[in-house]
Protein chains: 2
Amino acid sequence: MTAHFSIQPPPIAKLGDTLAQVSTPALLIELDAFEHNIARMAEMAKLHGVALRPHAKAHKSSVIAQKQITAGAIGICCQKLSEAYPFAAAGISDIYISNEFIGPAKIAMAIELARHVKLSLCVDHIAQIEALGLAASAAGVMITVLVEVDIGQARCGVARMEGLATLVDCIAQHSALRFGGLQAFHGGIQHLATWDLRRTSAAASAEKVAAYAQFLSARGVACPVITGSGTGTAEFDVASGVFTEIQPGSYIFMDAHYGANEWNGSAMPRHSLFIATTIMSTAKDDLAVCDVGLKGVAIDSGLPILKPGQNDELKFVRANDEHGVLKIIDNAGAFSRDRLGEQVLLIPGHCDPTANLYDQYVCIRNDKVEDMWDIDARGLSQ
Amino acid sequence: MTAHFSIQPPPIAKLGDTLAQVSTPALLIELDAFEHNIARMAEMAKLHGVALRPHAKAHKSSVIAQKQITAGAIGICCQKLSEAYPFAAAGISDIYISNEFIGPAKIAMAIELARHVKLSLCVDHIAQIEALGLAASAAGVMITVLVEVDIGQARCGVARMEGLATLVDCIAQHSALRFGGLQAFHGGIQHLATWDLRRTSAAASAEKVAAYAQFLSARGVACPVITGSGTGTAEFDVASGVFTEIQPGSYIFMDAHYGANEWNGSAMPRHSLFIATTIMSTAKDDLAVCDVGLKGVAIDSGLPILKPGQNDELKFVRANDEHGVLKIIDNAGAFSRDRLGEQVLLIPGHCDPTANLYDQYVCIRNDKVEDMWDIDARGLSQ
């Protein structure tokens, strides 16, 4: 028995392993579906002449961001300043932080990032602009600033024309800041169940954005960028004539929450993100207990579902910290097999916070491990 | 603009910083309350002559495990094999994995760990024992094996006497395995709201455990260890005369879910775990939006609550990925102040999966950063 020795857990997989050999729980990307999703969104944006700036908060991986840019994206969104660092370090040169910030620690990160990348930031309060403007000027960096407008989300963003005017005027008073346009995101409409409801809601939101832009135009202020949208409304927003840029994130993965939406044909992303889990206890006749729980799957948007077409007799009914409880549905022969040691694939309810639980994606093609990608921005929420 | 340079996010705090200087979101430990909790549980176990083996899945930090052992704990529980590695590497020499496992990757970790620490494992199926026994024998290591019995949780663990006998007999057939006793945990009774309901439920569970032990005793098999319990029932289980060992985890932190229990005086842990967050958007009159969401606080057991006595006019009502929405309760003057930039302290609903989201604890005493502890087992769920 030796104290203070150096051992580390073994890698969860190695290149060339079969899927069955991967140590569970593991976060998988099925590459065929993933590549389809990356290409499809890029084509859709290009077809409509709209810029694609995918949201990296969905995947937190600089490898994936590079693949998105190779496919045609102009840069990425991050949601936090610290989150931007691994992407900047990996050579992503155009980063937009689509979320508000305040305080000296955040301003210091903004200045450091602006020295290395084309940085744009999002504000909805004069105090954010004043602090940033002074710091950017002192540091001799130029930062593009977008103003968030509320188009129905009722969270951040100015909701009144005069408030927008005040912020735009304030930006203009700072020589180190440049007004970049409008941030306009409505998360609440991304998951509306029917395609038609999303279409009409997206149209109503686009109208609201257009009104803000027209108000500024009437004051002689141009909006170079109008950015927003998400996986659920991207197909409408690209065709709106209002948005110049879309920032979908989940489209690369298609989680169970988005999968529950009604989709219209080709705009539907394919499920590419799975959790491999192993049944490690079968002590109860009607249950199979697997090795992924709250520490390996986010359940804020619903429990994970089983990959369709496999194990359809199982239903994920409860997550404890490190246990997932699968109920065996009573159908022909379902109780006759001892499933101990069997691997099961889950589709997580919500991809963003699930990816934030893992350090690596295990990338699968034809049931083999083809690659492993670091989730290098995991946990960076400052 | 330089590609592929090396920058990293700045540290979220440094020793000696004031609490107000900590970059948010940050996971805080208030040391006075934390030390009280560590000492109190150790005293209670000692008073009743019961061993304390705290569950490290609650904190995932080898620094904290060492403090628990210094205070009198005999070792720790982990919930996964990979989780045990940082503790083993830090010199914790007695580790019990209180959860089932299966498959070659897990067996390999068990063998490696058993070479370095006094390892005990938990089983509820003959296949787990057979695979482990063969591997341990081949490797020349001795592993202690406990059998999980179901005392009402209806998840893992054998529920029938004959099933228990089969497993104990199987362990006896393997020269590299030693029967260690019974694992008996009932998570469902830990959070019963009233003290009296927990007391009577703990007594009923203890009776069930006793029946399993008596069954084995009648067959001439001794149970050196009967282990279980949790923060909600520890005060009853130590006095039960049945449990030889308790494995509470959350007592060091006292999350909001446990805090909602009715407690009886001195057994109540103090709240020591907080999330520091900053209000970063006040664009809506009745809301303050803060910078912690699903990526910084687990909401499976309820939303976080505000630290009592501070900001009592705010209520945490919604978590998005990186936003926490605080509703301003309409009381005298509540709407009159712009809270942008103010720091707010939250008590997370559930400590275990919340700690799993962070890389460090920022340890606070008298509003100053006294220490920072790595969460070195974060993410280790294999």
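Every chain is numbered from 1 and lettered A, B, ... according to where its sequence line falls, protein lines coming before strand lines.
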Enquirer: Who passes side-chain contact (heavy atoms from CB on, under 4.5 Å) against B/K327, sequence neighbours left out?
Expert: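 Applying side-chain contact (heavy atoms from CB on, under 4.5 Å) to B/K327 gives B/D286, B/L287, B/V317.
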Enquirer: Applying side chain to side chain contact (heavy atoms under 4.5 Å, CB included) to A/I279 and B/E100, what does each step give before you reach the verdict?
Expert: CA-CA 10 Å; A/I279 294 170; B/E100 285 76 8; over 6 Å; no
Enquirer: For A/D17, which residues count as a salt bridge (charged side-chain N to carboxylate O under 4.0 Å, His left out) partner, sequence neighbours excluded?
Expert: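 Scan of A/D17 (salt bridge (charged side-chain N to carboxylate O under 4.0 Å, His left out), adjacent residues dropped) gives A/K14.
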Enquirer: Could you check if a side-chain atom of A/L294 sits within less than 4.5 angstrom of a side-chain atom of B/H350, using non-hydrogen atoms only?
Expert: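 With C-beta onward as the side chain, the pair touches.
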Enquirer: Any side-chain heavy atom of A/L357 within less than 4.5 Å of one from B/L357?
Expert: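 Contact flag for A/L357/B/L357 side chains = yes.
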Enquirer: Are any of the side-chain heavy atoms of A/R318 and B/R155 separated by less than 4.5 Å?
Expert: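 They are in contact (side-chain heavy atoms under 4.5 Å apart), so the answer is yes.
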Enquirer: Side-chain contact, heavy-atom cut-off 4.5 Å: A/L380 with B/Q8?
Expert: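 Answer no - side chains too far apart.
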Enquirer: Within this structure, what is the OG-CG distance for the pair A/S301 and B/N320, rounded to the nearest 0.5 Å?
Expert: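 Going from OG on A/S301 over to CG on B/N320, the span is 9.0 Å.
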Enquirer: So which residue, B/I12, B/T24, B/V123, ends up with the most heavy-atom pairs under 4.5 Å with chain A?
Expert: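 The residue among B/I12, B/T24, B/V123 with the greatest pair count is B/T24.
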Enquirer: Would you say that A/K284 contacts B/D124 through its side chain, given a criterion of any heavy-atom pair below 4.5 Å between the two side chains?
Expert: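 With C-beta onward as the side chain, the pair stays apart.
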Enquirer: Let me confirm one number: the CD1-CG distance from A/I7 to B/L113, rounded to the nearest 0.5 Å.
Expert: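 It comes to 5.0 Å.
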Enquirer: Specify which of B/N99, B/I299, B/T278 makes the most heavy-atom pairs with chain A at under 4.5 Å.
Expert: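 Among the listed options, the one with the most contacts to chain A is B/N99.
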Enquirer: Looking only at heavy atoms and a cut-off of under 4.5 Å, which of B/G103, B/G379, B/P10, B/A105 has the most pairs with chain A?
Expert: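 Among the listed options, the one with the most contacts to chain A is B/P10.
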Enquirer: Which residue out of A/M109, A/K80, A/E83 racks up the most heavy-atom pairs below 4.5 Å with chain B?
Expert: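 Ranked by heavy-atom pairs under 4.5 Å with chain B, first place is A/K80.
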Enquirer: Pick from A/S381, A/A26, A/A319: which one has the most heavy-atom pairs with chain B under 4.5 Å?
Expert: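 Most heavy-atom pairs within the cutoff with chain B belong to A/S381.
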Enquirer: Do B/P9 and A/Q382 come within less than 4.5 Å of each other through their side chains, counting heavy atoms only?
Expert: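 No, their side chains stay 4.5 Å or more apart.
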Enquirer: Donor-acceptor check, side chain of A/Q128 to backbone of B/S281, threshold 3.5 angstrom: yes or no?
Expert: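 The answer is no, because no donor-acceptor pair under 3.5 Å joins these two groups.
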Enquirer: Can you say whether A/V325 sits under 4.5 Å from chain B via the side chain, the backbone, both, or neither, judging by heavy atoms?
Expert: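 Answer is side chain: those atoms of A/V325 sit under 4.5 Å from chain B.
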Enquirer: With a 4.5 Å limit on heavy-atom distance, are the side chains of A/H125 and B/D338 in contact?
Expert: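 With C-beta onward as the side chain, the pair touches.
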Enquirer: What option among A/H323, A/M280, A/Q343 has the most heavy-atom pairs under 4.5 Å with chain B?
Expert: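 That would be A/H323.
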Enquirer: Counting heavy-atom pairs under 4.5 Å to chain A, which of B/G341, B/G293, B/G157 comes out on top?
Expert: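 The option with the most such pairs is B/G157.
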Enquirer: Taking C-beta and beyond as the side chain, do A/C78 and B/E322 meet within less than 4.5 Å on heavy atoms?
Expert: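 The answer is no; the side chains never approach within 4.5 Å.
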Enquirer: Got a salt bridge between B/R160 and A/D285, using NZ or NE/NH1/NH2 to carboxylate O under 4.0 Å?
Expert: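 Yes, this pair counts.
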Enquirer: Among B/D321, B/V289, B/I92, which has the most heavy-atom pairs under 4.5 Å with chain A?
Expert: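 Of the candidates given, the most pairs with chain A belong to B/D321.
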Enquirer: Which one of B/R378, B/K57, B/E148, B/Q21 has the most heavy-atom pairs closer than 4.5 Å to chain A?
Expert: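 Max contact count across the listed options: B/R378.
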Enquirer: Would A/K295 and B/D300 pass as an ion pair if we require N to O under 4.0 Å?
Expert: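 Not counted as a salt bridge, because no side-chain N and carboxylate O are separated by less than 4.0 Å.
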